[in-house]
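The analysis underlying the following values was restricted to heavy atoms, covering all of them including side chains, and did not include hydrogens, waters or symmetry mates.
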Amino acid sequence: MSLLLNVPNAEKEHAASMGAQWDQVSHTWYLPEDQYDRLIEVARWIPEKHPAIILPTEISVVQAGRPCWKCQHNNRVIALAGNYFYEKDMNERDESVWLAQDFFTVFQQVSAISDNLQTFLNDYYPRYKRAWSNTLGNYYWSNHCESCDSIQGDWFLFDEAGSVFNPTEREEAARLTIRNHTLKYAPLIDAVYSLGDHARLINEFAERADL
């Protein structure tokens with residue numbers, strides 16, 4: 001779980017003293033996971049301006065089928081997920097810290113994603129793309145209908161009890177599929193998540209499949 005860094009040549013010695021390492025093959029700097037206790041120290045070299053969540057290099061994508069609310073076309077819809085991740089927060093002294101979160105969850109209201117994750121999504125899940133949300137008053141990444149291109153809003157996919165990514169029964173979770181994908185460097189996102197039985201049900205009963 002290595003994190004890609006954007007280190008100017010003039011600062012390479014400083015970055016190395018902070019735990020950053022040089023990838024001879026990709027010709028890039030990165031921070032290995034065993035140095036993640038220094039995430040705050042290398043924050044200036046993280047390419048994303050306001051990273052909130054660092055996912056593992058092996059990310060999980062939860063898939064489901066759901067009719068479009070507008071044209072009734074049966075679509076594949078997805079949600080990003082992770083078995084563990086790092087989250088930026090504030091401690092009791094109002095200092096920025098990165099906390100390791102060791103549990104499974106699915107993410108919604110994804111407002112930003114790193115370039116490497118964008119490339120992956122464009123290649124494998126092109127109907128999951130950035131769009132304006134009147135409800136949230138911001139751009140966020142969402143599913144779109146394969147037929148009419150209508151946004152398949154997060155409210156109908158995540159927030160209603162019994163919706164595809166908010167199962168209340170084992171049988172509902174069993175209709176989902178979790179596919180794991182491995183990226184070279186850890187992707188970053190800005191998103192929200194919630195804890196509860198829905199995440200446990202998905203983790204325990206969704207079908208597992210590799211890409």
field: Heavy-atom side-chain proximity of Ser147 to Cys68 below 4.5 angstrom
entry: no
message: Any side-chain to backbone donor/acceptor pair from Ser26 onto Asp23? Under 3.5 Å, distance only.
response: no
- prompt: Got a donor-acceptor contact below 3.5 angstrom from the Arg175 side chain to the Ala64 backbone?
  reply: no
- request: Indicate yes or no: at least one non-hydrogen side-chain atom of Phe107 is less than 4.5 angstrom from one of Ile113.
  value: no
message: If we ignore hydrogens and angles and just use 3.5 Å, is the side chain of Glu172 paired with the main-chain N or O of Thr168 as donor and acceptor?
response: yes
message: Any non-hydrogen side-chain atom of Ile54 less than 4.5 Å from a side-chain atom of Trp98?
response: yes
query: Hey, is CD on Glu95 packed in by over 12 heavy atoms from elsewhere, all under 6.0 Å?
result: yes
query: Is there a side-chain contact between Asn138 and Ser133, using heavy atoms and a 4.5 Å cut-off?
result: no
- request: List the atom of Tyr36, the atom of Leu31, and the distance in Å for their closest heavy-atom pair.
  value: CE1-O, 3.4 Å
task: Write down the atom of Glu41, the atom of Trp45, and the distance for their closest heavy-atom approach.
output: O-CZ3, 4.2 Å
task: Can you see which heavy atom on Ala199 is nearest to which on Phe104, and at what distance?
output: O-CD2, 3.5 Å
- prompt: Just by modelled atom types, is the Ser150 backbone N or O under 3.5 Å from a matching donor or acceptor in the Gln152 side chain?
  reply: yes
field: Arg130 side, atom CZ; Tyr140 side, atom OH - distance, nearest 0.5 Å
entry: 12.5 Å
message: Side-chain heavy atoms nearer than 4.5 Å, only ILVMFWY residues, links allowed to pass through others: does that put Val192 and Val77 together?
response: no
field: side-chain hydrogen bond (donor to acceptor under 3.5 Å, both in side chains) contacts in which one or both residues fall within residues 70-84, not counting sequence neighbours
entry: His73-Glu146
- request: Could you check Phe205 against Glu171 for side chain to side chain contact (heavy atoms under 4.5 Å, CB included), going step by step and ending with a plain yes or no?
  value: CA-CA 8 Å; Phe205 300 113; Glu171 292 75 17; over 6 Å; no
message: Does Asp34 have more than 12 heavy atoms from other residues, nucleotides or ligands lying within 6.0 Å of its CG?
response: yes
- request: First locate atom CD1 of Ile78, then atom CD of Gln63, and finally report the distance between them rounded to the nearest 0.5 Å.
  value: 7.5 Å
field: Inter-residue atom distance Thr28.OG1 - Asn6.CG, 0.5 Å rounding
entry: 10.0 Å
- prompt: Going by atom types alone, do Gln118 and Ser114 pair a side-chain donor with an acceptor below 3.5 Å?
  reply: no
- prompt: Would a 4.5 Å heavy-atom cut-off, applied to side chains only, mark Arg66 and Asn143 as touching?
  reply: no
field: Trp132 ring center near Tyr139 ring center (under 6.0 Å)
entry: yes
task: Can you measure from CG (Leu3) to CH2 (Trp29) and round to the nearest 0.5 angstrom?
output: 14.0 Å
- request: For residues Ser163 and Leu157, report the shortest heavy-atom separation together with the two atoms involved.
  value: OG-O, 3.2 Å
query: Does Asp190 reach the side chain of Val110, with side-chain heavy atoms less than 4.5 Å apart?
result: no
query: Which is it for Glu11 and Arg44 under the side chain to side chain contact (heavy atoms under 4.5 Å, CB included) test, yes or no, and what are the steps along the way?
result: CA-CA 11 Å; Glu11 300 177 7; Arg44 63 193 289 184; 3.4 Å; yes
query: Would Gln21 and Tyr30 count as having a side-chain donor-acceptor pair, cut-off 3.5 Å?
result: yes
message: Could you see if Val164 belongs to whatever hydrophobic cluster contains Leu201? Use Ile, Leu, Val, Met, Phe, Trp, Tyr and a side-chain cutoff under 4.5 Å.
response: no
- prompt: With distance as the sole criterion, is a donor-acceptor pair present between the side chains of Asp159 and Gln108 under 3.5 Å?
  reply: yes
query: Are any non-hydrogen side-chain atoms of Ser60 and Arg179 less than 4.5 angstrom apart?
result: no
Ring-ring centroid check Phe103 Phe85, cutoff 6.0 Å: yes
field: Note, Val61 side chain near Ile178 side chain (heavy atom, < 4.5 Å)
entry: no
field: Asn116 side-chain N/O to Tyr185 backbone N/O, donor-acceptor pair under 3.5 Å
entry: yes
statement: CZ (Arg170) and CG (Asp197) are apart, to the nearest 0.5 Å, by 14.0 Å
message: Before you tell me yes or no, could you show the steps for Leu4 and Lys184 under side chain to side chain contact (heavy atoms under 4.5 Å, CB included), namely the whole-Å CA-CA distance, both residues' side-chain angles and the distance that decides it to 0.1 Å?
response: CA-CA 9 Å; Leu4 184 68; Lys184 182 174 178 62; over 6 Å; no
- prompt: Is the Phe165 ring parallel, tilted or perpendicular to the Phe158 ring (thresholds 30°, 60°)?
  reply: tilted
- request: Answer yes if Tyr86 and Ile46 sit in the same cluster of Ile, Leu, Val, Met, Phe, Trp and Tyr residues linked by side chain heavy atoms under 4.5 Å apart, and no otherwise.
  value: yes
- line: Nearest heavy-atom contact between Ser194 and Thr105 is O-OG1, 3.1 Å
query: Do Trp155 and Val106 belong to the same hydrophobic cluster, where Ile, Leu, Val, Met, Phe, Trp and Tyr are linked whenever their side-chain heavy atoms lie under 4.5 Å apart, directly or via other members?
result: no
query: Looking only at heavy atoms, what is the nearest atom pair of Ile53 and Glu87, with distance?
result: CG1-CG, 4.4 Å
task: May I ask you to decide if Gln109's main-chain N or O and Asp154's side chain share a donor-acceptor pair within less than 3.5 Å?
output: yes
Ser2 side chain vs Pro32 backbone, donor-acceptor pair below 3.5 Å: no
- request: For residues Tyr125 and His144, establish whether the separation of their ring centroids is below 6.0 Å.
  value: no
task: To the nearest 0.5 angstrom, please state how far the CE atom of Met18 sits from the CZ atom of Arg38.
output: 4.5 Å
- prompt: Leu117 and Leu188: side chain to side chain contact (heavy atoms under 4.5 Å, CB included), yes or no, with the steps?
  reply: CA-CA 8 Å; Leu117 185 54; Leu188 294 94; over 6 Å; no
- prompt: Aromatic rings Tyr124 and His181: how do their planes relate, parallel, tilted or perpendicular, breaks at 30° and 60°?
  reply: tilted
